[in-house]
Amino acid sequence: MRRLRMASVTALCIGAAVLAGGCAGENKKAEIPQAEVSSALTEENDSDTAMTIEFWHYYNDAQKQHLDQLIKEYNGTLGLERGVVVEAYSQGSIADLTNKIDLVLNGTTNDVEMANIVLAYRDMVVNTVKLHPDRLVELGSVVPEADLAQYNQAYLNEGYIDGKLYILPVAKSTELLLMNQTRLDEFLEANPQYREANMESWEGLERMAEGYFQWTDSMTPGTDGDGSPFIGVDNLANYFVAMNHAMGSDIYHYDESGTMVPDLDEGIIEKLFLNYYEPFTKGYYGAKGRYRSDDVKQSYLAGCIGSSSSVLYFPEEVADSQGNMVPVTTGVYQYPVMEGTTPTAIQQGAGVAVFNRSDEENRAALDFIRWLTIDKGFELAASMSYMPVDHNGMTEEQKQQIDDARVLNGIETGLKQSNSYQMVYGFDFENSYDVRTGVDACFGEALSQGRMEFEEYLARGMSMDEAAASMDYGSKAEAFYEQVKAIFEE
């Protein structure tokens, strides 16, 4: 076997002298059934001389391949110099990774030892901070200020729990308005009273969507109300979070005992509901397939609001009226702002948490994280169509490294938005995943039922205006608020 010379502990130190609560003694290697080990380990290493740092994540397919390549580079360069080998294992999905962490920390099995580094969202580790604070490295006390200053402050702030830093950002995304630009240009040329700037606000977007519906409706003379929807939202829970914050609601807070207390504002929730519900029921917005990008591909929608990272998968071809696939260009726009509110958008993307092991392993883990997120942060993020997490933006040289114009446009627009908007993150309390999915499902069901009700009125011979007057939108908004309130109180 090739022997890797063990570097001194001081070479691994990135500013921390001693990390409290580390586990001493020999570490048992984790048994990870069905997990995929990184292809980075193409070189054999002597386990007596190389320190192994284990990294659990949920990346798959192309994202996993890009991460594997970077880890291979680390193991062959800086890791080689310092006697460190990083082994990365995909756990399959966010839910699988969350369950694995919970099993190790709270289960009865001793067969699996916790990894050194895990890809994590706030809600994945908040319970660990509450119940097992000694199991996580408090990063704010061990990472040098000069390194912390390299990160975008909004991204870094997401990693603080109860005033202490437990998560460092890796790569981020936000939500943007993605358009079939070819179709949009056709509409704007035929309807010069509208322009792209109308899409900057939700109010302007609704007016444009109404114009698009009427334009497509006019293509089938004699049939009223069969126009096409303009856009759709991929993640209704993100819309709920972002618009609540935009209008000044924090949604919830923690009391002195650390218990989550809902701060639901009935007026705000009803307003954000109607902002999307009314145009949806009228057919101006829509949803049909599993993802809105699928709806764009089938030309059911002209665009969608989705993750900036999804621009890589936005269709380059769409079905025409005969079902033939035709090439189109992609337009990327900032998230719409509700007039009179603070421009707000969601920020997404997991960070990394470090589980407390020996002092040497902790330092080696932090050394690798610095290399991955700062030294190689742009390379990692751009390879996955994510935004880098440093505060410097992109240099011209870096821009030239991105071959796909859509990806470059998505990252540039996302970075511009991140620097000018209020960026917020999702729920972070225990069992928040269930609340989030509950809100999303509740909203989606209301939209589906509302659209069917509207179509029933049209089928009875009502005009669009008559159908809208029959919808009783106010009572629908009140019912939605009560449903959301019940979800938070369960």
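One-based numbering along the sequence shown.
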Next on the checklist: Please determine whether side-chain contact (heavy atoms from CB on, under 4.5 Å) holds for the pair E412 and M394, giving the CA-CA distance in whole Å, both sets of side-chain angles, and the decisive distance to 0.1 Å.
Outcome noted: CA-CA 8 Å; E412 284 189 305; M394 286 192 296; 3.4 Å; yes

Item to check | Residue pair R406, D404: steps toward the salt bridge (charged side-chain N to carboxylate O under 4.0 Å, His left out) verdict | outcome: CA-CA 5 Å; R406 297 174 304 156; D404 193 317; 3.1 Å; yes

Next on the checklist: Y239 vs W202, test: ring-ring contact (aromatic ring centres under 6.0 Å, His included). Steps then yes/no.
Outcome noted: CA-CA 12 Å; Y239 167 80; W202 279 105; 5.4 Å; yes

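A centroid separation of 6.0 Å or more is found between the aromatic rings of F55 and Y89. Centroid-to-centroid, the aromatic rings of F368 and Y74 come within less than 6.0 Å. Here F443 and F273 bring their ring centres to under 6.0 angstrom of each other.
A donor and an acceptor atom, one from each side chain of N275 and E203, are nowhere located under 3.5 Å apart. If you check the side chains of N235 and R292, you find no donor sitting under 3.5 Å from an acceptor. For E361 and N116, the side-chain atoms include at least one donor-acceptor pair closer than 3.5 Å. In summary, the side chains of T344 and Q422 do present a donor paired with an acceptor at a separation below 3.5 Å, with no hydrogens or angles considered. T98 and D102 share no donor-acceptor pair across their side chains, judged by distance under 3.5 Å alone. Side-chain atoms of S90 and N60 form a donor-acceptor pair, as typed in the model, at a separation below 3.5 Å. No hydrogens or angles considered: nothing links the side chains of Q347 and K172 as a donor-acceptor pair under 3.5 Å. Side-chain contact check for S93 and D96: at least one donor-acceptor pair (N or O, by modelled atom type) lies under 3.5 Å. Using modelled atom types, one finds no donor on one side chain facing an acceptor on the other under 3.5 Å when comparing Q65 with D61. Side-chain contact of D263 with H253: a donor-acceptor pair under 3.5 Å is present, judged by distance alone.
Of all non-hydrogen atoms in M124 and L119, the two that sit nearest each other are CE-O, 3.5 Å. Listed here is the closest heavy atom pair of A302 and M179: O-CE, 3.5 Å. Nearest heavy-atom pair across A171 and Y386 is CB-CB, 3.7 Å. The shortest non-hydrogen separation linking S310 to G306 is OG-C, 4.2 Å. Here the closest non-hydrogen pair linking V389 and T373 is CG2-O, 3.9 Å. Annotation for A350 and Y58: closest pair CB-OH, 3.3 Å, computed over non-hydrogen atoms.
Between the side chain of S201 and the main chain of G204, a donor-acceptor pair closer than 3.5 Å is present. Remark: side-chain polar atoms of D440 are paired, donor with acceptor, to backbone N or O of L236 under 3.5 angstrom. Looking only at distances, a side-chain donor or acceptor of T413 sits under 3.5 Å from a matching main-chain atom of N409. Between the side chain of R122 and the backbone N or O of D428, no donor-acceptor pair lies under 3.5 Å. A donor-acceptor pair is defined here as one N or O able to donate and one able to accept, closer than 3.5 Å; such a pair exists between the side chain of T174 and the backbone of I346. Between the side chain of N431 and the backbone N or O of D434 there is no donor-acceptor pair closer than 3.5 Å. With hydrogens and angles disregarded, a donor-acceptor distance shorter than 3.5 Å links the side chain of D255 to the backbone of T259. Side-chain atoms of N362 do not come within 3.5 Å of backbone N or O of D359 as any donor-acceptor pair. Between the side chain of Q417 and the main chain of E175, a donor-acceptor pair closer than 3.5 Å is present. Side-chain atoms of N356 come within 3.5 Å of backbone atoms of D134 as a donor-acceptor pair (strictly under, hydrogens ignored).
Residue-environment remark: CZ (F488) exceeds the threshold of 12 foreign heavy atoms within 6.0 Å. The number of heavy-atom neighbours closer than 6.0 Å to NZ of K130, taken from other residues, nucleotides and ligands shown, is above 12. Remark: K399 NZ is packed, more than 12 non-hydrogen atoms of other residues, nucleotides or ligands lying under 6.0 Å away.
The closest side-chain heavy-atom distance from D390 to Y151 is not below 4.5 Å. Here the side chains of L372 and L67 are in contact, with some heavy-atom distance below 4.5 Å. Here the side chains of L165 and V143 are not in contact, with every heavy-atom distance at 4.5 Å or above. Looking at heavy atoms from C-beta onward, E379 lies in side-chain contact with E73 at the 4.5 angstrom threshold. When side chains are defined from C-beta on, V337 counts as touching T341, because their heavy atoms get closer than 4.5 Å. A heavy-atom distance below 4.5 Å is not found between the side chains of E158 and I167.
Residue Y285 forms a ring pair (Phe, Tyr, Trp, His ring centres under 6.0 Å) with just one option from Y276, F230, F280, and that option is Y276.
For Y433, the ring pair (Phe, Tyr, Trp, His ring centres under 6.0 Å) criterion is met by no residue, not counting sequence neighbours. Under the side-chain contact (heavy atoms from CB on, under 4.5 Å) criterion, A146 pairs with no residue at all, not counting sequence neighbours.
Between F427 and F429, the angle of the ring planes stays under 30°, which puts this pair in the parallel group of the 30/60° scheme.
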